[in-house]
S.K.: 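One structure is given below, represented as structure tokens, and several questions about it will come after.
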2 protein chains.
Amino acid sequence: MTESAGTQDLILDAAERLFARQGFTATTIKQIGKEAAVNPALLYYYYDSKETLYRAMLQRILGQLLTRGTDAIEGATGHAERIRAFVRAQVKLLVDHPHFPQLFVREMVDHQAAHATEAITNTAAGAFKRLCDVIVAGQNDGAFRKALDPRFAAISIISQVAYFVIARPAVGLLLGHSRTGPPPELSERFFAHAEEWALQALLSGSSATAGSAQ
Amino acid sequence: MTESAGTQDLILDAAERLFARQGFTATTIKQIGKEAAVNPALLYYYYDSKETLYRAMLQRILGQLLTRGTDAIEGATGHAERIRAFVRAQVKLLVDHPHFPQLFVREMVDHQAAHATEAITNTAAGAFKRLCDVIVAGQNDGAFRKALDPRFAAISIISQVAYFVIARPAVGLLLGHSRTGPPPELSERFFAHAEEWALQALLSGSSATAGSAQ
DNA sequence: GTCTATAGGTGGATAGAC
DNA sequence: GTCTATCCACCTATAGAC
């Protein structure tokens, strides 16, 4: 289909890189033009304004993420495996779209998710709800603790990997490395840990109640 | 001491609000002057540049956070209570300094924590290490699972509350509310959940191994 | 569709009066 | 210490040739 990437794709790709790295205000039209190797004035042929370009860029990446189902969950057998599959899918998504975490968090702090409201609402009705359903199913089968609020549990599960990639510089420093983040091998180990952690928090049958451990 | 807040404090307060809300580039000197009710040119009497002002503002809030110990941990008796105390201290810190999460995350994405490296390193040697020590102590006493990497466990614990406040608009939407975030009562319940979640993930004595739950 | 040239506006920063 | 006035650089956006 797109044998050679069209001019629009070049522009959107460049905009995605720069907006992710520098944010909306710090990124200039001229930078985007240079990064995309097209004339800056050309951006106004395709988009009405910088704001419009930003929205188009954001909608494109959000669309890519949404179409990408969480089918891995259904494929997995057993409650525990479904949870693991979800975490692995989350990791894969963030690894495949390295710009997403920064764009997402910028959209949070810069616009209170104003441009991503619809996408997040769809996520709430899609992937997030599926994770909640898996948790509820596990609770009904007695595998997972019934005292848990499934929505809260889902957020706790998501937060581990999300925070790890968003606060990458801090995590790097906390783990004794540099602000460029932990080395890949260590990240891999954390992601494996995240699966275990989520499962242990979910599983019923703990011999000690939370309040009694000394 | 500071009967009436000095001009510098007015400026730093205004800068803190605006930098947190809008970020470095989107915030102008004139806005800060207006917000602080002082003449914009006056900022250059106290600070060499916008960059210098930003750094002063950031160092001030980081200093406030660092001096604030995690003494609650030592005060608590029992491994479980120490974990709970840590999470509660984290929540209190973020509630008392509502600008901090946004400033922190902006420093991550905008500068890769370049201006916060020292503060984070101190955290790594302070509060974070204390949390790790509590986990190790619990492991040595057989209360907490020995298979856990204490540093990873600490990050998983921290991530829950951190992500909740950073991604507040998304969390609000996922929980069925608006992008202004979940209502206070719901946030309180999540923070209580976060304590339980962390403990259950830590506690040993789960009857099922993670891999065998069906 | 793509480029040149430039208008119009704003931002960071300074000079200098008070 | 605080304010007025202003300079210069740069940014978004447009007009118009090709």
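Given the structure is predicted, the values throughout are model-derived calculations rather than measurements. The chains referred to below are lettered A, B, ... by the order of the sequence lines, with proteins before strands, and numbering in each begins at 1.
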S.K.: For B:Leu53 and C:dA13, give me the distance from atom CG to atom P, rounded to whole Å.
M.R.: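 Result: 10 Å.
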S.K.: Can you tell me the distance, in whole Å, between the CD atom of B:Gln22 and the C1' atom of C:dG11?
M.R.: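 Interatomic distance, CD of B:Gln22 to C1' of C:dG11: 14 Å.
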S.K.: Report the relative orientation of the aromatic rings in B:His115 and B:His111; use parallel for angles under 30°, tilted for 30 to 60°, perpendicular for over 60°.
M.R.: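 Taking B:His111 first and then B:His115, their aromatic rings stand perpendicular (interplane angle over 60°).
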S.K.: Base, backbone or nothing for each nucleotide of nucleotides 2-18 of chain D, written B, S, -, heavy atoms under 4.0 angstrom, 5' to 3'?
M.R.: BSB------SBBB----
S.K.: If we ignore hydrogens and angles and just use 3.5 Å, is the side chain of B:Arg168 paired with the main-chain N or O of B:Pro182 as donor and acceptor?
M.R.: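 Side chain of B:Arg168 to backbone of B:Pro182: a pair is present.
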S.K.: Can you tell me how far apart CG (B:Asp13) and CD1 (B:Ile32) are? Round to the nearest 0.5 Å.
M.R.: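 One finds 12.0 Å between CG of B:Asp13 and CD1 of B:Ile32.
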S.K.: Taking A:Glu107 as the fixed residue, which of A:Tyr54, A:Phe24, A:Phe19 is the one that meets the side chain to side chain contact (heavy atoms under 4.5 Å, CB included) rule?
M.R.: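 The side chain to side chain contact (heavy atoms under 4.5 Å, CB included) with A:Glu107 is passed solely by A:Tyr54 among A:Tyr54, A:Phe24, A:Phe19.
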S.K.: Let me know the distance between OH of B:Tyr47 and P of D:dG1, rounded to the nearest Å.
M.R.: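 Checked: the OH to P distance equals 12 Å.
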S.K.: Determine whether the side chains of B:Thr52 and B:Ser49 contain a donor N or O and an acceptor N or O closer than 3.5 Å.
M.R.: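 Short answer, yes.
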